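Since the structure comes first, as structure tokens, the remarks are kept for the end.
Chain letters run A, B, ... following the sequence lines, proteins first, then strands; residues in each count from 1. This structure is a prediction, so every number in the text was calculated from the model and none was measured.
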2 protein chains.
Amino acid sequence: MECIAPRLPIAAAPDSRGDAARCSACAMQKICIPKNGDSSTLISIEAIIRRARSLRRGQYLYGAGHTLHYLFAVRSGAVKTIMRTSDGREQIVGIYGPGDTLGLDGLATGQHALDAVATDESSICLIPYDMFRQLCHDVPAVQHRLTEIMGQQVIRDANLKMLSSMQPMEARVVAFLIELSQLNVRRGFSPREFNIGMTRAEIGNYLGTTLETVCRVMSALSRDRVIEVQGKRVRVLDFDSLRARLDSSSTRTSTANLTPRPGTLDRVSQKQPQTRSKRQIRDYALEQSPFG
Amino acid sequence: MECIAPRLPIAAAPDSRGDAARCSACAMQKICIPKNGDSSTLISIEAIIRRARSLRRGQYLYGAGHTLHYLFAVRSGAVKTIMRTSDGREQIVGIYGPGDTLGLDGLATGQHALDAVATDESSICLIPYDMFRQLCHDVPAVQHRLTEIMGQQVIRDANLKMLSSMQPMEARVVAFLIELSQLNVRRGFSPREFNIGMTRAEIGNYLGTTLETVCRVMSALSRDRVIEVQGKRVRVLDFDSLRARLDSSSTRTSTANLTPRPGTLDRVSQKQPQTRSKRQIRDYALEQSPFG
DNA sequence: CGAGGGATTGAATGGAGTCAATACACGTGG
DNA sequence: CCACGTGTATTGACTCCATTCAATCCCTCG
């Protein structure tokens with residue numbers, strides 16, 4: 001099996017001359033490196049990170065069951081993480097672009113739980129995990145950054161769950177496009193133009209629908225002059241219209257309020273004088289106010 | 001707003017006499033505490049954990065925007081984490097039962113990104129985050145455990161994504177039931193009988209469908225003598241039938257192979273002699289074999 | 001230039017959402 | 001103790017949106 005990077009212990013990679021990364025010159029630096037660390041922090045990180053390797057579309061970064069040897073940072077391109085059903089079909093469970101960190105699925109057991117595959121030509125930095133762990137121990141700022149990254153992953157996953165639960169399929173695709181746009185911004189690029197680093201089939205899989213539906217929605221958006229599409233290249237023409245299509249035709253799957261809303265009393269609930277409303281206000285278990 | 005636990009700095013809670021937890025006596029110990037730590041580790045953890053507080057159904061543990069003051073460990077009951085759409089509808093993004101850890105959504109920014117609400121009467125341990133962080137720094141085993149927990153969360157989220165992408169709605173509900181059963185085992189209880197700590201509406205929301213559909217599927221399973229249902233109490237009668245309903249009627253959303261399958265060559269791919277197949281075998285970027 | 005993978009569009013079927021009525025369980029107050 | 005009310009669960013009937021199946025187009029690469 002082919003590889004772009006060395007197995008541990010390090011074997012010389014074909015295109016490898018001096019294996020250290022040049023983080024100080026990397027555009028993704030702001031995302032990868034702890035902000036609050038001093039210059040020595042950056043240096044110590046640079047010392048262990050292996051410079052970027054390039055992947056072709058379809059190449060595996062790691063597979064479920066592999067020992068966790070590296071964490072990965074995407075420099076450019078796009079990578080998906082996938083899970084397989086018993087009967088072999090795949091489900092995409094995460095997508096990663098420039099500045100994102102991969103491999104966290106291996107932290108629990110030391111073995112990766114997912115497959116990671118490039119969906120596009122990509123460039124990836126390797127972070128040997130044992131060295132990184134040592135660094136975490138020595139440099140609190142690095143440990144803190146790792147914690148941050150894991151915390152971000154959790155939030156990301158929550159957002160994904162939200163996204164792929166949206167009611168009409170149109171809303172899902174729209175939410176997906178908005179998400180991509182926002183990610184693009186976070187990476188310092190334009191919110192109005194970007195490319196989806198994957199096929200329609202992959203988008204469909206990711207969003208829990210079919211490639212045809214994705215196509216139809218994007219065609220419709222294109223016809224209505226909300227976006228322009230050419231293959232994987234997307235340009236947003238009208239953000240307001242785009243956002244408008246999120247709520248419109250909101251079905252009722254998430255019925256009324258499963259849970260009482262934020263702050264103050266409900267009009268209805270006036271009929272209970274001092275025995276604090278049992279359900280009409282948020283019932284906090286801790287003595288702190290929101291945003292406290 | 002009412003609370004079961006003190007705001008920092010600690011205020012006396014009504015039912016609080018001596019605030020330390022008794023982890024050494026807790027059934028969830030094996031799940032909460034680092035395995036590889038010595039007895040002093042357990043003691044130092046016990047020293048900072050506040051003993052369990054009880055929550056009524058609907059009570060908030062924390063809300064999006066709150067400062068991260070505690071991590072939480074579920075002792076008994078059930079808690080959901082939710083996100084809200086711009087127009088106020090809620091989406092359940094996670095469910096947590098005995099032995100699970102909550103609050104990780106606050107690690108990235110120091111503010112919680114989600115709401116956490118009890119879906120059932122629950123008992124929750126509080127772990128003051130600043131002290132815990134200090135402990136992480138002092139005791140590597142604790143840091144390691146935190147990393148493990150975060151890693152598990154990532155895997156959990158991936159599983160959830162998988163689960164709620166299943167094709168026929170029946171499969172989703174079935175997968176959900178199996179999941180619950182497995183969790184129950186992990187907690188040392190029976191795989192055959194358990195209670196779903198939430199309403200049909202919440203299940204529907206969680207699975208991305210409606211409460212009616214959930215009802216119908218469970219009725220059907222019940223009619224076919226695969227499970228027995230009484231309200232939130234479920235008893236599995238026939239695990240094989242249950243699992244059988246996962247793949248059956250597998251639609252094709254995740255079309256053929258988006259990505260080439262595991263190991264060996266495809267029959268088709270024989271027609272490329274030595275120029276290593278470009279797509280018919282897994283194309284590993286790293287020089288390690290699966291499960292290496 | 002031909003082959004193959006990806007994207008697009010059409011037409012038909014069916015599954016799941018929607019609306020609505022009813023049953024059930026629980027806690028409250030008369 | 002029972003009537004009542006609210007929240008939850010169950011079941012039915014109808015409609016429609018998304019999946020399916022299928023045909024065509026486009027682009028890239030050998």
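For C/dG6, the OP1/OP2 oxygens have no side-chain nitrogen or oxygen of A/T199 closer than 4.0 Å. The side chain of B/R200 contributes an N or O atom lying less than 4.0 Å from OP1 or OP2 of D/dT10. In this structure, B/T213 reaches the C/dG17 phosphate: one of its side-chain N or O atoms is under 4.0 Å from OP1 or OP2. In this model, the phosphate group of D/dC17 is not approached by any side-chain N or O of A/R172 to a distance below 4.0 Å at OP1 or OP2. For B/T209, a side-chain nitrogen or oxygen approaches OP1 or OP2 of C/dG17 to under 4.0 Å.
Of the candidate nucleotides C/dA7, C/dT8, D/dT19, D/dT19 has the atom lying nearest to any side-chain atom of A/R216. For A/E212, the listed nucleotide lying nearest its side chain is D/dA22; candidates were C/dC19, D/dA9, D/dA22. Here the nucleotide nearest the side chain of B/P168, chosen from D/dT10, D/dT19, C/dA16, is C/dA16.
Side-chain N/O atoms of A/R223 and base N/O atoms of C/dT8 include no donor-acceptor pair closer than 3.5 Å.
When the options A/V74, A/T119, A/I124 are evaluated for a side chain to side chain contact (heavy atoms under 4.5 Å, CB included) with A/Y96, the one that passes is A/V74.
Atom C1' of nucleotide D/dA9 and atom CG of B/L221 are separated by 16 Å, given to the nearest angstrom. Computed from coordinates, the B/D120 CG to D/dT8 P distance equals 12 Å when rounded to whole Å. B/M169 places its CE atom 16 Å from the P atom of D/dC17, with the value rounded to the nearest Å. What separates CZ of A/R56 from C1' of D/dC29 is a distance of 15 Å, to the nearest Å. The nearest whole Å value for the distance from the CG atom in B/L211 to the P atom in C/dA20 is 15 Å. Atom CG in A/L207 sits about 13 Å away from atom P in D/dA18, given to the nearest Å. Spacing between atom CD of B/Q230 and atom C1' of D/dT8 amounts to 16 Å, rounded to whole angstrom units. If you take CZ of B/R233 and C1' of C/dA25, they are 17 Å apart, rounded to a whole angstrom.
Using a 4.0 Å cut-off between a side-chain N of Lys or Arg and a carboxylate O of Asp or Glu, A/D100 and A/R187 qualify as a salt bridge.
Ring pair A/Y62/A/H112 is parallel by interplanar angle, where below 30° counts as parallel and above 60° as perpendicular.
Geometrically, B/K232 does not engage B/F194 in a cation-pi contact defined by less than 6.0 Å to the ring centre and at most 45° from the axis.
B/S219 comes within 4.0 angstrom of the backbone, heavy atoms only, and of no base.
Remark: the A/E90 side chain and the B/T259 side chain contain an N/O donor-acceptor pair separated by less than 3.5 Å.
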